[in-house]
Amino acid sequence: MPRESKPAKLVRTRKIIDGLRAAYPDAHCELDHSNPLELLVATILSAQCTDKRVNLVTPQLFKKYLTAADYAKAPSADLETAIKTTGFFRNKTKSIQAACAALVERHHGLVPQSMDELRELGGVGRKTANVVLGNAFNINCGVVVDTHVARLSGRLGFSTEKTPEKIEQDLMPLVPQREWTLFSHLLIWHGRRRCFARKPDCPGCEVKGLCPKIGVKETSSEMNRKDR
Ligand code: SF4
């Protein structure tokens, strides 16, 4: 890709956001939840796991564990069994119980509304904190960088970085802060529905005229896909 000036990149990013908003007017967090604690737990469970699988587990889980204290005092084996199908269930149980014990001890059982306080809970990384702040509290503190956002940021020429932290630093100046949460939803929705990890559907892509397709070697039409 020829070197792109900063103003040109900002204009192109704006057009991509507008194109994706038109394609996905309903883009939102796909983890089912009805309060900040549920979203915190669901986000911890979503590591290395699809949102669909998490959504299969959480209805029963949220019925059984209503408060942070419920999670903190539960026998670990019970919680491990309840979340087993999401994978990495021992580590996830530890993270949930550490975070919920800290919520009880320091925040009266409530989920705090700042990055620093969330990170200090233990078991909560920057990505999880960004998800909770953006979707439970409408606070745009950063851009969620998951596997889809990382992949699309490279292909779309937004970032050449490889780590989520550095990719996030490249994305934040490109997008108005009020749109940070929406922006990550748009990239995640596009990554799930069009810009697949293997063989993205570039011919059918809504923003193909704005995308340098960096690193894309093989594409396919969604019509022909059998491996979704
Ligand atoms: S043109 Fe291809 S690589 Fe670029 S965003 Fe669309 S699907 Fe992804």
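Atoms within each ligand, like the ligands themselves, are counted from 1 in listed order.
Separating the CG atom in D201 from the CD atom in E206 is a distance of 8.0 Å, to the nearest 0.5 Å.
At least one heavy atom of H190 sits under 4.0 Å from some atom of ligand 1.
S46 and D51 are not linked by any side-chain donor-acceptor pair at a separation below 3.5 angstrom, with hydrogens and angles left out of the test. No side-chain N or O of N55 forms a donor-acceptor pair with one of E30 less than 3.5 Å apart. Side-chain atoms of S76 and E80 form no donor-acceptor pair, as typed in the model, at a separation below 3.5 Å.
The side-chain heavy atoms of N135 and H185, taken from C-beta on, include a pair separated by under 4.5 Å.
Listed by first then second residue, pairs satisfying ring pair (Phe, Tyr, Trp, His ring centres under 6.0 Å) with a partner in residues 13-53 read Y24-H190, H28-W189, not counting sequence neighbours.
Around atom 2 (Fe) of ligand 1, the protein N, O or S atoms found under 2.8 Å comprise C202 SG.
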